[in-house]
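Read through the structure below, which is laid out as structure tokens, and then see the notes.
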Amino acid sequence: MNVTSATTKKKLFIDGEWIETNDYSELRSPYTEEVIAEIPIATSENVEHAINAAEKAKKVMAKMPAFERANILETLARKLEERSNEAAKIIALEAAKPYSTAKAEVDRTIETYKFAAEEAKRIHGETIPLDAAKGGVNRLGYTVREPIGIIGAITPFNFPMNLVAHKVGPAIAAGNTIVLKPASQTPLSSLFIAELLQEAGLPKGALNVVTGAGRVVGDKLVTDSRVSMITFTGSPSVGIGIRNKAGLKRVTLELGSNAAVIIDRNVDIDKIVSRCVTGAFSNQGQVCISLQRIYAHEDVYDSFVERFIEATKKLKLGDPLSPETDISALISPNDVKRTLLWIDEAKLAGATIATGGVAEGNIVHPTVILNADRQLKVSCQEVFAPIVLINKVKSVDEAIILVNDSNYGLQAGIYTNDVHTALNATENLHVGGVMINDIPTFRVDNMPYGGVKESGTGREGLKYAVEEMTEMKLVVWNRN
Ligand code: NAP
């Protein structure tokens, strides 16, 4: 397949220029393990250059009228639409995301940038009734929202285009500048977007893309005092490390989870099975709200398990570039090894591997585990692989306790026909979002999205990210 943007020696994008570095690393396809591009390894001097460029562009961006910021984002969305097949191939190639899923990610990315363009036009403050206080009589007070400044954006491999859009889109909408560090396995999507934003007329220095090791590039971004905010999506361990080093910077962390769904008695199983299979195995389970734990009421457990396994066995494994593929390679051979070890641990502890449990090359077969104990890694840690557990419960109340028995709390779902049970679940599930009659994997890009506990702090979703990426300033006029 001809993917021109993905087969060349790449460059850093700093201050509107494409910059070479001394050292390069080979980027390999997770599926074929063939080299697909050479990626610059940035030094801390390169990051310094990028931060300088972002600092210089700060005034230009802060003064740019809202309609111009919106225009740039709309133009980007249009250009991405025109080149959407190419964009999907890049994602499929660098992340081994099955092509149809990659195409869906591109479609969402277009929507995310469109939402960002709209948000750019509605950033506003409010008037404050200062005369509600005795000392505030005859004063006019209002707030405005100002850009926060330079944003350091650090992104993961699993949605290399849309999760970058969730940072770059609102940052531009709010009039900020950005230094972006994409995941080392998926830099091509970010460099492609930089190319389109350059064509769309983004001022130089407003977006800088610096590739290279997380520790080198990330550390410099997190510790440089000119960077006002770090927006990070990735694993809890890296996120917590960033938070500990960031001092007084604003930090938003979108981290992992072991998301769960509850299936109540009397639910029409046929209606929900294929949705649950999608939630468990989409992008090989490498989704932060991937369906990892299913708690099914004993009245429906057996029929749900039977149909779920039947549907799982129909998934097509193979080349991510083939439009028929449902499941392809995990992101790295190490993740394949780790996944198989976790499955072995479950087997040894007496859990049933109902289907899957093996790997072919870097593809792990979609795996269904029954009766897994709560202490197993596949239960209590984030699997980030095509594994789902199905356990039997006697009641929804019992299931709620099990869902909450987790260090994470991103989203949870419940299928039920009983309005009281649903309301009870919304009140008692300790997560950032509760989906009634859907899987926890539901996300559209304008909704507030984020977690509690080790799933992170702060919210994305364009309106909410713009709030995080702006500072509130109060203005008071004394008319006495
Ligand atoms: P990761 O290993 O934590 O990496 C994320 C990013 O952090 C990468 O760009 C990585 O760079 C960088 N990084 C690594 N070490 C760093 C350091 N010391 N300082 C600063 N940056 C550093 O995560 P991943 O494996 O790419 O992604 C999977 C994780 O992301 C899962 O836990 C998943 O749940 C989470 N996730 C969460 C959400 C959400 O919205 N809540 C969405 C998607 C994914 P390198 O690639 O160069 O190491």
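All ligand and atom numbering here is 1-based and tracks the order in the structure.
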- Item | Any donor-acceptor N/O pair, T211 side chain to P40 backbone, under 3.5 Å | yes

- Item | Heavy-atom nearest neighbour of atom 36 (N) of ligand 1 within options G450, C288, G212 | C288

- Item | Residue, atom name and distance, where the atom is the protein heavy atom closest to atom 18 (N) of ligand 1 | R215 CA, 4.0 Å

- Message: Heavy-atom count check: over 12 atoms from other residues, nucleotides or ligands less than 6.0 Å from K204 NZ?
- Response: no

- Pi-cation contact, F115 with K463 (under 6.0 Å, within 45°): no

- Message: Suppose we measure from atom 28 (C) of ligand 1 to each protein heavy atom; which comes out shortest, and what is that distance?
- Response: F384 CE2, 3.4 Å

- What protein heavy atom is closest to atom 24 (P) of ligand 1, reported as residue, atom name and distance in Å? F157 CD2, 3.7 Å

- Geometric class of the W18/F13 ring pair [parallel <30°, tilted 30-60°, perpendicular >60°]: tilted

- Query: Distance only, no hydrogens: is a donor on one side chain within 3.5 Å (strictly under) of an acceptor on the other, for K167 and T233?
  - Reply: yes

- Within a distance under 4.0 Å of any heavy atom of L410, pick out the atoms of ligand 1 and give their elements. 41 (N)

- Query: Hey, which atoms in ligand 1 end up nearer than 4.0 Å to a heavy atom of G256?
  - Reply: 32 (O), 34 (O)

- Residue, atom name and distance, where the atom is the protein heavy atom closest to atom 12 (C) of ligand 1: I154 CG2, 3.6 Å

- Query: If you draw the axis of the six-membered ring of Y449, does the NZ or CZ of R443 fall within 45° of it and under 6.0 Å from the ring centre?
  - Reply: yes

- Query: For the side chain of R374 and the backbone of L402, is there at least one donor-acceptor N/O pair under 3.5 Å apart?
  - Reply: no

- Task: Using distance alone, determine whether S184 and ligand 1 share an N or O pair under 3.5 Å.
- Result: yes

- Task: Kindly confirm or rule out an N or O of K181 lying under 3.5 angstrom from an N or O of ligand 1.
- Result: yes

- Looking only at non-hydrogen atoms, which of G456, P156, S257, P182 approaches atom 27 (O) of ligand 1 most closely? P156

- Query: Should you measure from each heavy atom of L163, which atoms of ligand 1 turn up under 4.0 Å away?
  - Reply: 42 (C), 43 (C)

- Message: Quick test: of every protein heavy atom, which one is nearest to atom 15 (N) of ligand 1, and how far off is it to 0.1 Å?
- Response: V238 CG1, 3.8 Å

- Between NZ on residue K79 and CG on residue L196, distance to nearest 0.5 Å: 7.0 Å

- Note on the structure: closest protein heavy atom to atom 3 (O) of ligand 1 is S235 OG, 2.5 Å

- Measure from atom 17 (C) of ligand 1 to every heavy atom in G214, P160, G234, P187 and give the option owning the shortest one. G214

- Query: How far is atom 9 (O) of ligand 1 from its nearest protein heavy atom, and which residue and atom name does that atom have?
  - Reply: T155 O, 2.8 Å

- Task: Could you list the atoms of ligand 1 found under 4.0 angstrom from a heavy atom of T233?
- Result: 5 (C), 36 (N), 37 (C), 38 (C), 39 (C), 40 (O), 42 (C), 43 (C), 44 (C)

- Task: Provide, to 0.1 Å, the distance between atom 32 (O) of ligand 1 and the closest protein heavy atom, together with that atom's residue and name.
- Result: E382 OE1, 2.6 Å

- Message: At under 4.0 Å between heavy atoms, is it the side chain or the backbone of V287 that contacts ligand 1, or both, or neither?
- Response: neither

- Which is it for N158 and ligand 1 at heavy atoms under 4.0 Å: side chain, backbone, both or neither? side chain

- Query: Using heavy atoms and a threshold below 4.0 Å, how should the contact between F159 and ligand 1 be classified: side chain, backbone, both, or neither?
  - Reply: neither

- Item | Atom CD of E17: over 12 foreign heavy atoms under 6.0 Å | no

- Note on the structure: Rounded to the nearest 0.5 angstrom, the OG1-CD1 distance for T416 and I263 is 11.0 Å

- Task: Provide the number and element of each atom of ligand 1 under 4.0 Å from a heavy atom of I242.
- Result: 20 (C)

- Item | Reported CG-to-CD distance for the pair L462 and E119, which is rounded to 0.5 angstrom | 6.0 Å

- What do you reckon, does L255 have a nitrogen or oxygen under 3.5 Å from a nitrogen or oxygen of ligand 1? yes

- Query: Where the side chain of N391 meets the backbone of N371, is there a donor-acceptor pair that is under 3.5 Å apart?
  - Reply: yes

- Task: Would you kindly say whether S29 and T32 are connected by a side-chain donor-acceptor distance under 3.5 Å?
- Result: yes

